[in-house]
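Hydrogens, waters and symmetry mates play no part in the numbers below; they use all other heavy atoms, side chains included. Since the structure is predicted, the reported quantities are computational estimates derived from the model, not experimental observations.
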Amino acid sequence: QVQLVESGGGLVQAGGSLRLSCAASGGTFSNYAMGWFRQAPGKEREFVAVVRWRNSVTVYADSVKGRFTISRDNAKNTVYLQMNSLKPEDTAVYYCAAGRGSYYYTTDGDYGYWGQGTQVTVSS
């Protein structure tokens with residue numbers, strides 16, 4: 001049973017930066033693709049980014065491409081989301097997720113484990 005704990009959320013002004021962390025336990029971290037999703041008030045949860053295992057291939061949503069960077073440290077069982085040039089529309093609860101056995105890892109159904117979420121608020 002994989003457990004995921006996010007941290008690093010908070011309040012930041014537009015144009016600022018935050019780095020989210022997600023610590024994993026209870027599984028072989030390097031066997032999983034690790035993704036970030038977000039859910040804004042009144043909206044469905046959406047894919048943000050994923051880093052696959054071993055070769056660490058990354059995929060980003062168009063809305064964050066060029067501003068966000070996902071990375072993983074298998075030795076620390078941790079995945080990061082560096083968020084730069086933040087915009088008010090990035091305000092959401094951000095969730096970390098772990099999955100395996102799929103291919104694209106861009107939808108909720110590709111992941112079997114989820115963290116509790118961390119709030120990111122970007123003020124204008």
A.B. asks: On a heavy-atom basis, which atom in V59 and which in F47 lie closest, and how many Å separate them?
C.D. replies: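 Taking every non-hydrogen atom into account, O-CZ, 3.5 Å.
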
A.B. asks: Quick check: does any side chain N or O of R45 sit under 3.5 Å from a backbone N or O of Y95, one acting as donor and the other as acceptor?
C.D. replies: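 Answer holds: no.
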
A.B. asks: Hydrophobic clusters here meaning ILVMFWY residues chained together by side-chain heavy-atom distances under 4.5 Å, can you tell me if W114 and V2 are in one?
C.D. replies: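 Result: no, two separate clusters.
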
A.B. asks: Inspect the surroundings of NZ in K65 and state if more than 12 heavy atoms from other residues, nucleotides or ligands are less than 6.0 Å away.
C.D. replies: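 Count over threshold, so yes.
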
A.B. asks: If you apply the rule side chain to side chain contact (heavy atoms under 4.5 Å, CB included), what do you find for T69 with Y60, and how did you get there?
C.D. replies: CA-CA 8 Å; T69 302; Y60 296 92; 3.8 Å; yes

A.B. asks: Excluding sequence neighbours, so at least two apart, what forms ring-ring contact (aromatic ring centres under 6.0 Å, His included) with Y32?
C.D. replies: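 So Y32 forms no ring-ring contact (aromatic ring centres under 6.0 Å, His included) with any residue.
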
A.B. asks: With a 4.5 Å cut-off on side-chain heavy atoms, are D110 and V50 touching?
C.D. replies: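 Result no, sub-4.5 Å side-chain heavy-atom pair not found.
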
A.B. asks: How about E6 and L20: do any of their side-chain heavy atoms sit closer than 4.5 Å?
C.D. replies: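 Not in contact.
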
A.B. asks: Do you know the tightest heavy-atom contact between A98 and L4?
C.D. replies: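 For A98 versus L4, the nearest heavy atoms are N-CD1, 3.7 Å.
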
A.B. asks: When rounded to the nearest 0.5 angstrom, what distance separates CD in E46 from OG1 in T107?
C.D. replies: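 Atom-to-atom, E46:CD and T107:OG1 are 13.5 Å apart.
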
A.B. asks: Between V12 and V64, is there shared hydrophobic-cluster membership here, with clusters defined by ILVMFWY side-chain heavy atoms closer than 4.5 Å?
C.D. replies: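 Same cluster: V12 reaches V64 through Ile, Leu, Val, Met, Phe, Trp or Tyr contacts under 4.5 Å.
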
A.B. asks: Could you report the tightest heavy-atom contact between L81 and A49, atom names first, then the distance?
C.D. replies: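 Here L81 and A49 meet closest at CD1-CB, 4.4 Å.
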
A.B. asks: Ignoring hydrogens and geometry, is there a side-chain-to-backbone donor-acceptor pair from Q82 to R19 under 3.5 Å?
C.D. replies: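 Not confirmed, Q82 side chain does not pair with R19 backbone.
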
A.B. asks: Kindly say whether V5 contributes a backbone atom to a donor-acceptor pair with the side chain of Q116 at under 3.5 angstrom?
C.D. replies: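 The answer is no, because no donor-acceptor pair under 3.5 Å joins these two groups.
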
A.B. asks: State yes or no: do V120 and I70 share one hydrophobic cluster built from I, L, V, M, F, W and Y residues joined by side-chain heavy-atom distances below 4.5 Å, directly or via other members?
C.D. replies: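 In one cluster: yes.
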
A.B. asks: Taking all atoms of both residues into account, what is the closest heavy-atom pair of V51 and R72, and its distance?
C.D. replies: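 Closest heavy-atom pair between V51 and R72: O-NH1, 3.3 Å.
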
A.B. asks: Measuring from atom OG of S30 to atom CG of D73, what distance do you get when rounded to the nearest 0.5 angstrom?
C.D. replies: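 The OG atom of S30 sits 11.5 Å away from the CG atom of D73.
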
A.B. asks: May I ask you to test the W36-V79 pair for a side-chain heavy-atom distance under 4.5 Å?
C.D. replies: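 Of all side-chain heavy-atom pairs linking V79 with W36, at least one is under 4.5 Å.
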
A.B. asks: Would you please name every residue forming a side-chain contact (heavy atoms from CB on, under 4.5 Å) with D90, sequence neighbours left out?
C.D. replies: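 Scan of D90 (side-chain contact (heavy atoms from CB on, under 4.5 Å), adjacent residues dropped) gives R38, R67, F68, L86, K87, Y94, V122.
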
A.B. asks: State, to 0.1 Å, how close P88 and S124 come at their nearest heavy-atom pair, and which atoms those are.
C.D. replies: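 Shortest heavy-atom separation between P88 and S124 comes out as CG-CB, 3.9 Å.
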
A.B. asks: Would you say T78's side chain and K76's backbone share a donor-acceptor pair under 3.5 angstrom?
C.D. replies: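 Such a contact is found between T78 side chain and K76 backbone.
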
A.B. asks: Assigning hydrophobic clusters by single linkage (Ile, Leu, Val, Met, Phe, Trp, Tyr; side-chain heavy-atom cutoff under 4.5 Å), is V48 placed with M83?
C.D. replies: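 The answer is yes; both residues are in one hydrophobic cluster.
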
A.B. asks: So, Y105 side chain and Y111 main chain: donor-acceptor pair closer than 3.5 Å or not?
C.D. replies: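 Such a contact is absent between Y105 side chain and Y111 backbone.
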
A.B. asks: Q119 versus T91: any side-chain heavy-atom pair under 4.5 Å?
C.D. replies: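 Side-chain contact under 4.5 Å: yes.
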
A.B. asks: Cation-pi check, R52 to Y103: give yes when NZ or CZ is under 6.0 Å from the six-membered ring centre and within 45° of the ring axis, no otherwise.
C.D. replies: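 Output yes; distance and angle both within limits.
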
